[in-house]
Amino acid sequence: MSRENVELVMSLWPGPNADSAQVYRDDEMWDRWTEAAAPHVHEDYELVTTGLPGGTTTANGFDGDRTARLDWFAPFATYRQEVEEAIDCGDRVLLLVRAFGRFEWSTQELAHTGAEVVT
């Protein structure tokens, strides 16, 4: 079953050139994504973000997720993420991610690496 979990998580991940900020900002795009994801996630799922300047934050469900990520995306004109590796961890999937963001006032992208654990 765990390989299937990796495939499911990757099927819901935007492509490497998709602007994640735009998906969260645009109501139609957001609705399409939540419709696709809803059958596969608990309605009150938890998004925990650590390691950011503001400390650890927790959001619940699609509404909380959207609010939290819109706060994160606020300074960025664009924000895209590439999964460098998806690792099967049994009932969890570890995503090693490289993210690229560009501020409104800049032509340069900032890059950082991170990880996400999907349960």
Side-chain angles (χ1 to χ4, degrees):
M1 177 76 178
S2 57
R3 183 69 208 154
E4 292 168 357
N5 290 341
V6 171
E7 291 171 6
L8 174 61
V9 168
M10 292 307 299
S11 75
L12 296 173
W13 194 265
N17 294 317
D19 183 349
S20 298
Q22 185 63 23
V23 172
Y24 280 79
R25 289 175 179 147
D26 182 276
D27 290 339
E28 283 185 34
M29 293 174 82
W30 176 252
D31 289 345
R32 283 195 305 271
W33 184 83
T34 58
E35 187 176 308
H40 307 289
V41 299
H42 189 278
E43 67 185 51
D44 196 30
Y45 69 91
E46 188 172 73
L47 170 69
V48 179
T49 306
T50 62
L52 300 176
T56 300
T57 61
T58 302
N60 294 96
F62 288 118
D63 291 340
D65 182 344
R66 189 176 193 193
T67 298
R69 293 193 199 236
L70 285 173
D71 286 347
W72 172 252
F73 295 143
F76 296 101
T78 62
Y79 194 91
R80 61 188 177 84
Q81 303 172 88
E82 297 175 359
V83 174
E84 293 185 329
E85 189 173 359
I87 301 169
D88 172 359
C89 298
D91 64 343
R92 296 184 173 136
V93 177
L94 172 62
L95 301 174
L96 303 179
V97 179
R98 186 158 177 84
F100 305 87
R102 184 182 59 77
F103 294 114
E104 293 283 350
W105 46 265
S106 178
T107 59
Q108 300 286 51
E109 277 189 329
L110 300 174
H112 68 93
T113 57
E116 293 194 20
V117 177
V118 180
T119 303

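- Once rounded to the nearest 0.5 Å, the distance linking CG of Leu110 with CZ of Phe103 reads 5.0 Å.
- Counting only residues at least two apart or in different chains, side chain to side chain donor-acceptor pair (under 3.5 Å) contacts with residues 73-92 comprise Ser2-Asp88, Ser20-Gln81, Trp72-Tyr79, Tyr79-His112, Arg80-Glu82, Arg80-Glu109, Arg92-Thr119.
- No path of Ile, Leu, Val, Met, Phe, Trp and Tyr side chains, each step under 4.5 Å between heavy atoms, connects Phe73 with Leu47, placing them in separate hydrophobic clusters.
- Every side chain to side chain contact (heavy atoms under 4.5 Å, CB included) that Ala18 has, sequence neighbours left out, goes to Pro14.
- Under the 4.5 Å side-chain heavy-atom criterion for Ile, Leu, Val, Met, Phe, Trp and Tyr, Val97 and Val118 are members of the same hydrophobic cluster.
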Anything under 3.5 Å between a donor and an acceptor, one on a side chain of residues 48-64, the other on a protein residue two or more places apart or in another chain? List them.
none

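- Partners of Ala74 by side chain to side chain contact (heavy atoms under 4.5 Å, CB included), not counting sequence neighbours: none found.
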Output a table of donor-acceptor pairs, distance under 3.5 Å, between side-chain atoms of residues 30-41 and any protein atom two or more places apart or on a different chain; print 'none' if there are none.
residue, atom, partner, partner atom, Å
Trp33, NE1, Leu12, O, 3.0
Thr34, OG1, Trp30, O, 3.1
Thr34, OG1, Asp31, O, 3.1

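- Taking all atoms of both residues into account, the shortest heavy-atom contact from Ala77 to Arg25 is O-NH1, 3.4 Å.
- Using a 4.5 Å cut-off between side-chain heavy atoms of Ile, Leu, Val, Met, Phe, Trp and Tyr, Val117 falls into a hydrophobic cluster with Ile87, Leu94, Leu96.
- Residues satisfying the side-chain hydrogen bond (donor to acceptor under 3.5 Å, both in side chains) criterion with Asn17, sequence neighbours excluded, are absent altogether.
- The side-chain hydrogen bond (donor to acceptor under 3.5 Å, both in side chains) check on Asp65 picks up Tyr24, Tyr45, Arg69, with sequence neighbours excluded.
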